[in-house]
Amino acid sequence: MADHITVKELVDNVRLKVLQGEEYLQRPITTSDISRPALEFAGYFKHYPAMRIQLLGITETSFAKDLTHEKREKYLTKMCAPQIPCFVISTNLPIPAELQVAAKNAKIPILGTHLTSSQILSNMTSYLLGRLAPRQSLHGVLVDINGVGVLITGDSGVGKSETALELVRRGHRLVADDRVEVYARDEQTLVGKAPAILKHLMEIRGIGIIDVSTLYGTGAIMPSDVINLIVHLETWTPDVQFDRLGDRGDKQTIQGVIVPKVSVPVKTGRNLAIIIESAAMNYRAETMGYDATKTFDDNLNRLIKQNSARDTKEKQSND
């Protein structure tokens, strides 16, 4: 996890305009939280979040307009605390004159956008979460299979990378091999990406390091992906019972996000790439409301009823 990013990085990645203070764009941003000051314009600064970006929209600037010049000057000067990364003004609104002076004196940049406050708030929060959210490094391979992000885990040497390479050859896309950096984008979404040093690279035992983007083209890679499913490769042993009906509903919690998980036994002769591809397609079918296990149960119950009725009829005939 990065401990901070600069205001310049925010400007470049969220397409903000620099309205004032271009020479101060190296100021650090250390939190993804964004403040829309309201009580501050009423003079309440007891819990002022001075580490956050301050977003001013139509509501904030309209309220400030109703204040006297002296109060606007006092409150906006107090808002320009040393820790403030920057001010952002939405909807192409003009900069309040008192803010121009106070921000210049405090060496704080002012940014602008034509987007509404809600739109730019969403854009900035999404970007900042992706850059500043706590990260966890997992041992595994992340592959996108027809839009389903599959994290392949298992002991070292079980065949994760080789299986992922076969999936790439079948037209799917590699996100990360060996190490996957994951972070929670929100309470229900887990995102994975490759560490910078391993980007686009895979290690294949007996061959060494290969560059997937060079060998298979840029269509064979993805910079990041949502992790929808975990497939754990486990060496087959006769004493371990593996799920045969798909009714266990195993899950794994990572960064507070619950992710469905299936365990696949690794045995000579099994085509793991096809099995994992099928697991991903089955996951997609389930999210669309189709449950193959329920279909099997319904078919089984219907067959039992039919056989029971036939047996009853035969018994009555014999009697």
Mind checking the CE-CD spacing from M79 to E98? Nearest 0.5 Å is all I need.
12.0 Å
Could you check whether any side-chain heavy atom of V88 comes within less than 4.5 Å of a side-chain heavy atom of C86, counting everything from C-beta outward?
yes
Distance in Å, I89 CD1 paired with F87 CZ, rounded so as to fall on 0.5 Å steps:
8.5 Å
Please confirm whether the backbone N or O of S278 pairs with a side-chain atom of N282, one donor and one acceptor, at under 3.5 Å?
no
Where the side chain of Q136 meets the backbone of I254, is there a donor-acceptor pair that is under 3.5 Å apart?
no
Considering only heavy atoms from C-beta outward, does the side chain of I120 approach that of L16 to under 4.5 Å?
yes
Give a yes-or-no answer on whether the side chains of K17 and N92 include a donor-acceptor pair shorter than 3.5 Å.
yes
With Y48, which residues qualify under ring-ring contact (aromatic ring centres under 6.0 Å, His included), at least two apart?
F45
D186 and V257 have their tightest heavy-atom pair at O-CG2, 3.7 Å
For R27 and I84, indicate whether the former's side chain and the latter's backbone hold a donor-acceptor pair under 3.5 Å.
yes
Hey, is CZ on R169 packed in by over 12 heavy atoms from elsewhere, all under 6.0 Å?
no
Might you confirm whether atom CG of N271 has over 12 heavy atoms from other residues, nucleotides or ligands at distances under 6.0 Å?
yes
Heavy-atom pair with the smallest gap, counting every atom of V180 and G140
CG2-O, 3.6 Å
Can you tell me if D211 uses its side chain to pair, donor with acceptor, with the backbone of T214 under 3.5 Å?
yes
Please say whether more than 12 non-hydrogen atoms of neighbouring residues, nucleotides or ligands are located less than 6.0 Å from CD in Q252.
yes
Does I209, at its CD1 atom, have more than 12 non-hydrogen atoms belonging to other residues, nucleotides or ligands within less than 6.0 Å?
yes
Using only atom types and a distance under 3.5 Å, with no angle test, would you say the side chain of T68 pairs donor to acceptor with the backbone of K71?
yes
Can you tell if the side chain of V231 reaches within under 4.5 Å of the side chain of T153, non-hydrogen atoms only?
no
If only atom types and distance count, is the side chain of R131 paired as donor or acceptor with the main-chain N or O of L129 below 3.5 Å?
no
Using atom types as modelled and distance alone, determine if a side-chain donor or acceptor of R284 lies under 3.5 Å from a backbone N or O of A279.
no
What residue among K65, R72, R36 forms salt bridge (Lys or Arg N to Asp or Glu O under 4.0 Å) with E60?
R36
Output for pair (E203 CD, K160 NZ), nearest 0.5 Å, gives 10.0 Å
Is the closest side-chain heavy-atom distance between N228 and V259 below 4.5 Å?
no
What pair of heavy atoms forms the shortest contact from I221 to S213, and how long is it?
CD1-CB, 3.6 Å
State, to 0.1 Å, how close Y183 and A133 come at their nearest heavy-atom pair, and which atoms those are.
CD1-CB, 3.9 Å
What distance do H4 atom NE2 and T31 atom OG1 have between them, rounded to the nearest 0.5 Å?
14.0 Å
Set out, in order, the CA-CA distance, both residues' side-chain angles and the distance that settles side chain to side chain contact (heavy atoms under 4.5 Å, CB included) for I210 and L165, then state yes or no.
CA-CA 10 Å; I210 65 171; L165 183 60; 3.9 Å; yes
Taking atom NE2 of H114 and atom OG1 of T91, what is their separation to the nearest 0.5 Å?
10.0 Å
Does a side-chain heavy-atom distance below 4.5 Å link T189 with V191?
yes
Check: E73 side chain, E70 main-chain N or O, donor-acceptor pair, under 3.5 Å
no
Here the gap from L272 atom CG to L233 atom CG, rounded to the nearest 0.5 Å, amounts to 5.5 Å
Using only atom types and a distance under 3.5 Å, with no angle test, would you say the side chain of S62 pairs donor to acceptor with the backbone of I58?
yes
Cut-off 3.5 Å, side chains only: do Q119 and T116 have a donor facing an acceptor?
yes
Hey, does L99 have a side-chain heavy atom less than 4.5 Å from the side chain of I110?
yes
Give a yes-or-no answer on whether the side chains of Q54 and S35 include a donor-acceptor pair shorter than 3.5 Å.
yes
For S122, is there any backbone N or O sitting under 3.5 Å from a side-chain donor or acceptor partner on S126?
no
For a quick check under 3.5 Å, do H172 and E277 share a side-chain donor-acceptor pair by atom type?
yes
Flag yes if more than 12 heavy atoms outside I204 fall under 6.0 Å of its CD1 atom; otherwise flag no.
yes
Side chains of H232 and S263: do they bring a donor and an acceptor to under 3.5 Å?
no
Test R173 against L167 for side chain to side chain contact (heavy atoms under 4.5 Å, CB included), laying out the working first.
CA-CA 8 Å; R173 293 181 288 180; L167 287 167; over 6 Å; no
Does any part of the side chain of H139, heavy atoms only, come nearer than 4.5 Å to the side chain of D178, both counted from C-beta?
yes
Ion pair check, E23 and K107, cut-off under 4.0 Å
no
Is it the case that atom CD in Q83 sees more than 12 heavy atoms from other parts of the structure closer than 6.0 Å?
yes
Does any non-hydrogen side-chain atom of I276 lie less than 4.5 Å from one of I145?
yes
